[in-house]
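What follows is one structure encoded as structure tokens, with my remarks underneath.
Just so it is clear, the values below take in all heavy atoms, side chains as well, and ignore hydrogens, waters and symmetry mates. Each chain gets a letter, A, B and so on, in the order its sequence line appears, and its residues count up from 1.
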Amino acid sequence: MEAKEYENAFFEKNAFRRRACKKCGEPFWSVGSSEVCSEVPCTPYSFQGNSPFSQPLDLTSMRELYLSYFERRGHARLRRYPVVPRWRNDVMFVQASVYDFQPWVTSGAIPPPANPLTISQPCMRFTDIENVGTTGRHLTMFEMMAHHAFNGASKEVYWKDRTVELCHELVTSELGARPEEISYKEEAWEGGGNLGPSVSVGLRGLEIATLVFMQYVRDGDALKPMPLRVVDTGYGLERFTWMSQGTPTIYEAVFPGILKDLPKDFTLPEAAVLADHAKNFLFLFTDGIVPSNVREGYLARLLLRRILRTLEKHPGTLTLFDLMQTVVRHVAKDFPELASNPKGLGEVLRVEEERFSEAIARGRTQVRRLEERLKKEGRSPNVDDLVMVYDSLGVTPDVAVEELSQKVEVPSDFFAKVAELHTRTPAQGWGGYGADAVEAKVPEPPPSVPPTIVHYHRDPYTHEFTGKILWRSGPWVILDQTYFYPTGGGQITDRGHLAGAPVEEVVRHGPWVMHRLSHPDAPLPEVGAPGQGRVDPARRRQLMTHHTATHLLNGALRKVLGPHVWQAGAYKGVEGARLDITHWQGLTPLELRAVERLVNSVVREDRPVRSTFEPRAVAEEKFGYGIYQGGAVPGKELRIVDIENFDVEACGGTHCTHTSEVGFVKVLGTERIQDGMVRLHFVAGERALEVMQEHDTILQEASQKLAAPVEEVPRALDRLLDRLKESHKEAKAAAKADVAEIAEGLWNSPVDAHPLGEGHRAVVAQVDLDREGLQALAREITSRAGGVALLAAQDEKSGTLFFASSDPKRFPARDLLAPALKAWGGKGGGNPSAASGSGPRGPPLRAALDAALARARELAAAPPA
RNA sequence: GGGCGCGUAGAUCAGCGGAAGAUCGCCUGAUUUGCAAUCAGGAGGUCUCGGGUUCAAAUCCCGACGCGUCCA
């Protein structure tokens with residue numbers, strides 16, 4: 001950034017001077033005479049015990065002071081946005097106040113909710129999680145206080161000079177800092193393809209705010225001006241509060257009540273972890289994150305597990321539940337919504353605590369086993385083993401060392417070694433909830449083709465229409481207007497006919513709705529002519545029914561299970577539909593029945609389902625962020641589907657206009673598709689009847705075949721299974737008896753039994769059993785003292801040998817097999833007590849047995865070793 | 001989204017190419033006993049599923065499914 005980017009009227013009027021910091025070399029602006037900027041390391045912390053502000057403030061009053069200061073200066077105060085930004089799908093968490101307005105406002109697609117505005121936005125930053133407590137200043141969540149102005153062609157609000165002026169006045173006249181102590185250090189900010197100059201505001205060593213002026217778009221190496229210039233500021237509420245109190249660490253200033261209410265055993269580094277992590281988790285949970293083993297759910301679990309590990313350091317003094325109660329008590333004063341789901345909170349904590357102790361117990365035994373296993377290999381566990389144990393079992397090295405008999409030194413770079421294992425993973429974007437992975441294999445129409453006018457939103461009941469054919473490429477056709485619904489929002493494509501030609505698939509592509517015909521050369525009126533469209537009405541009706549049923553089910557699940565439930569994906573087909581929700585365990589039959597009852601009662605009540613278009617900001621204000629159940633939705637206007645007093649979602653699908661049209665909703669089954677996520681399979685309307693009828697037919701058939709009335713089917717089956725098991729057992733016993741009989745016959749046969757000197761007897765025979773039978777027979781023979789079994793079998797294709805010996809030292813089965821294989825031309829192997837082979841059938845098989853017997857006789861003749 | 005580990009008796013797991021095992025629990029019978037009793041006997045298995053390699057696969061390879069864990 002060039003120097004002139006930082007010049008402004010306010011600096012000039014107030015005689016700010018620009019100079020390079022003597023220590024870091026960075027240019028900064030100030031009215032003071034200091035040669036260095038006011039940030040560490042150039043200026044050390046010097047506010048502890050000596051605040052530059054005129055009075056100490058807590059979080060609540062500092063936040064209020066800030067917001068009302070900007071309100072008095074023409075800014076509209078906004079409520080906080082959720083920490084989970086479901087209006088976008090590129091990030092997991094809100095990490096700065098400007099995330100609230102990306103991408104729709106900052107790209108100019110929609111007007112800002114107010115302009116200028118001020119907000120205190122809770123933000124999540126997990127990168128410093130290891131530092132919480134230890135550095136005295138790190139937190140995983142903080143509030144970013146901000147004032148934003150959006151300057152476009154039509155409206156100029158304010159820009160650099162006023163921004164700096166507002167900041168300077170706040171810190172000096174409002175809070176009481178001396179102007180000459182403040183430095184405005186030049187920085188360049190870049191993010192999301194946008195960039196611009198920024199200044200960081202330093203005071204007594206601490207960076208307390210950053211003022212960013214987003215004004216350029218990166219275009220290769222060149223910078224192009226943005227159509228909308230954005231004032232993007234960030235003031236750390238916790239840092240302001242800390243500075244006003246001048247406490248040794250940020251934690252005393254931010255969590256005074258919580259620290260006081262914790263048992264005395266928990267003092268600062270640990271107490272900060274408890275307070276910070278618990279507060280963070282509360283926000284995550286309230287805003288719809290359920291602990292899990294992937295993605296954002298994993299971070300929620302990580303917080304809880306770090307808390308649990310900390311609590312274990314002082315066993316019996318504090319429970320996870322009580323800690324959370326304490327934190328709720330203090331934080332809910334400013335954020336009452338955090339106390340809105342006590343039942344769900346208690347339940348999720350209980351489940352997570354249980355899973356954690358299971359994981360630890362499992363891990364501990366695995367560590368002990370590992371040590372034993374390594375002992376056999378003649379070595380003892382080393383650091384790499386501990387890394388493996390942590391990575392795949394979750395056992396932290398301190399716990400692992402406790403389980404080992406020999407001490408292993410845990411190096412300080414232990415977690416760096418863990419990180420090494422994961423360095424090759426490429427950083428990937430987040431798919432987001434309900435993101436439609438529509439692979440565009442469609443041809444690209446020229447931009448001159450006008451956008452398609454769509455009617456299915458306003459009127460989902462019309463199936464016949466006439467549209468002008470605007471463009472065609474092979475099977476793909478664009479009309480000036482259409483009633484065909486394109487795949488999207490989890491609802492699959494409409495089908496039907498266009499001028500008599502079957503329409504197989506309809507997709508949205510940019511501004512167009514594109515219809516794919518069944519054949520690339522299907523006859524069709526030429527471009528410019530009208531074409532008669534006909535949407536398959538039965539298919540459409542079923543898809544609509546399933547879609548409205550999905551919303552009903554989602555609403556009912558939130559009411560029965562709790563507000564933590566979010567839609568995590570959905571699919572609405574003709575045959576059936578499914579809905580994925582966030583929840584920490586599978587649904588109980590009781591919960592499921594309650595959900596079905598509720599859904600169907602709302603169906604019977606025939607509530608209106610209203611679909612309207614609302615400006616994004618209006619919709620968010622009116623219905624809250626719960627409308628983003630289906631994930632991020634594009635556009636400045638949202639289509640809102642509102643089932644009266646039951647469920648409101650932003651949704652582009654086709655819907656019934658009254659709940660009674662859904663007819664009947666039946667959940668067919670549920671499954672846990674991953675940790676923290678449950679999938680429901682269900683059917684509605686006509687299809688529900690069909691499925692119920694199919695099920696009934698199946699049941700009737702089963703009842704007939706079992707010759708038992710329907711209600712007796714399960715018990716009849718039980719009896720049948722018992723009998724089956726019994727007869728299996730009998731058959732097994734009979735087979736065993738058969739084998740025993742055969743063995744007895746062979747053992748005493750003058751033909752097949754061959755004495756091998758004193759005390760040994762070889763049974764040489766071909767008995768055409770399968771391999772298992774042969775083996776059983778051999779076992780029977782070798783259970784007799786001195787028994788040596790040399791058995792063969794054959795089927796139509798090949799022959800098999802199975803040799804076994806009750807005296808593997810004197811007559812090793814493997815050594816008997818070797819000459820047999822040679823004489824026979826088969827393949828095989830084994831050990832001294834048993835050996836097997838396979839090869840040709842017929843006479844060679846007999847030769848193999850003879851060769852084996854000859855070898856056995858040789859061994860019998862040789863003196864025992 | 002990715003890495004790693006794991007799926008064997010009701011439970012916890014061993015075995016890691018050559019004839020399915022241990023401990024606890026369960027059943028039967030003795031013993032009649034200070035509390036997780038002892039002794040003897042017994043039942044209980046599609047070694048997750050599907051392919052492949054091999055004379056031979058719980059074991060090796062590939063794939064699916066499930067579970068766990070770590071990282072982003």
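Here salt bridge (charged side-chain N to carboxylate O under 4.0 Å, His left out) pairs that include residues 787-808 of chain A, with residues two or more places apart or in two chains, number zero. The side chain to side chain donor-acceptor pair (under 3.5 Å) analysis of residues 764-775 of chain A, with sequence neighbours excluded, yields the pairs A/Gln766-A/Asp768, A/Arg771-A/Ser836. Pairs of residues two or more places apart, or lying in two chains, that qualify as side chain to side chain donor-acceptor pair (under 3.5 Å) and include a residue from residues 819-835 of chain A are A/Asn831-A/Ser833. Within the structure, every pair that satisfies the side chain to side chain donor-acceptor pair (under 3.5 Å) test and touches residues 385-403 of chain A, not counting sequence neighbours, is listed here: A/Arg364-A/Glu402, A/Arg364-A/Glu403, A/Arg368-A/Glu403, A/Arg379-A/Asp385, A/Asp391-A/His422, A/Thr396-A/Asp398. Listed by first and then second residue, the side chain to side chain donor-acceptor pair (under 3.5 Å) pairs that reach into residues 843-856 of chain A are A/Arg855-A/Glu858, sequence neighbours excluded.
OP1 or OP2 of B/U69 has at least one side-chain nitrogen or oxygen of A/Arg301 nearer than 4.0 Å.
Considering only residues two or more places apart in sequence or on other chains, A/His760 meets the ring-ring contact (aromatic ring centres under 6.0 Å, His included) condition with A/Phe811. Applying the salt bridge (Lys or Arg N to Asp or Glu O under 4.0 Å) rule to A/Arg306 yields the partners A/Glu130; only residues at least two apart in sequence or on another chain are considered. Partners of A/His277 by ring-ring contact (aromatic ring centres under 6.0 Å, His included), not counting sequence neighbours: none found. Residues forming a ring-ring contact (aromatic ring centres under 6.0 Å, His included) with A/Phe682 (at least two apart in sequence, or on another chain): none.
No contact: A/Ala776 has no heavy atom under 4.0 Å from any strand.
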Response to the item:
Taking Watson-Crick and G-U wobble contacts under 3.5 angstrom, with | marking pairs to another strand and [ ] crossing pairs, the secondary structure of RNA chain B is written (((((((..((((....[..)))).(((((.......))))).....(((((..]....)))))))))))).

Could you pull out the protein-nucleic contacts involving nucleotides 4-14 of chain B (nitrogen or oxygen on both sides, under 3.5 Å)?
from	atom 1	to	atom 2	distance (Å)
B/C13	O3'	A/Arg369	NH1	3.4
B/C13	O2'	A/Arg369	NH2	3.3

Shorter than 3.5 Å, N or O on both sides, protein versus nucleotides 51-56 of chain B: list them out with atom names.
from	atom 1	to	atom 2	distance (Å)
B/C55	OP1	A/Lys827	NZ	2.8
B/C55	O4'	A/Lys827	O	3.2
B/C55	O2	A/Ser836	O	3.0
B/C55	O2	A/Ser836	OG	3.3
B/C55	N3	A/Gly829	N	3.3

Practice prompt. Decide ring-ring contact (aromatic ring centres under 6.0 Å, His included) for A/Phe93 and A/Phe126; before the verdict, give the C-alpha distance in whole Å, the side-chain angles of both, and the deciding distance to 0.1 Å.
Written response: CA-CA 10 Å; A/Phe93 300 110; A/Phe126 285 92; 5.2 Å; yes

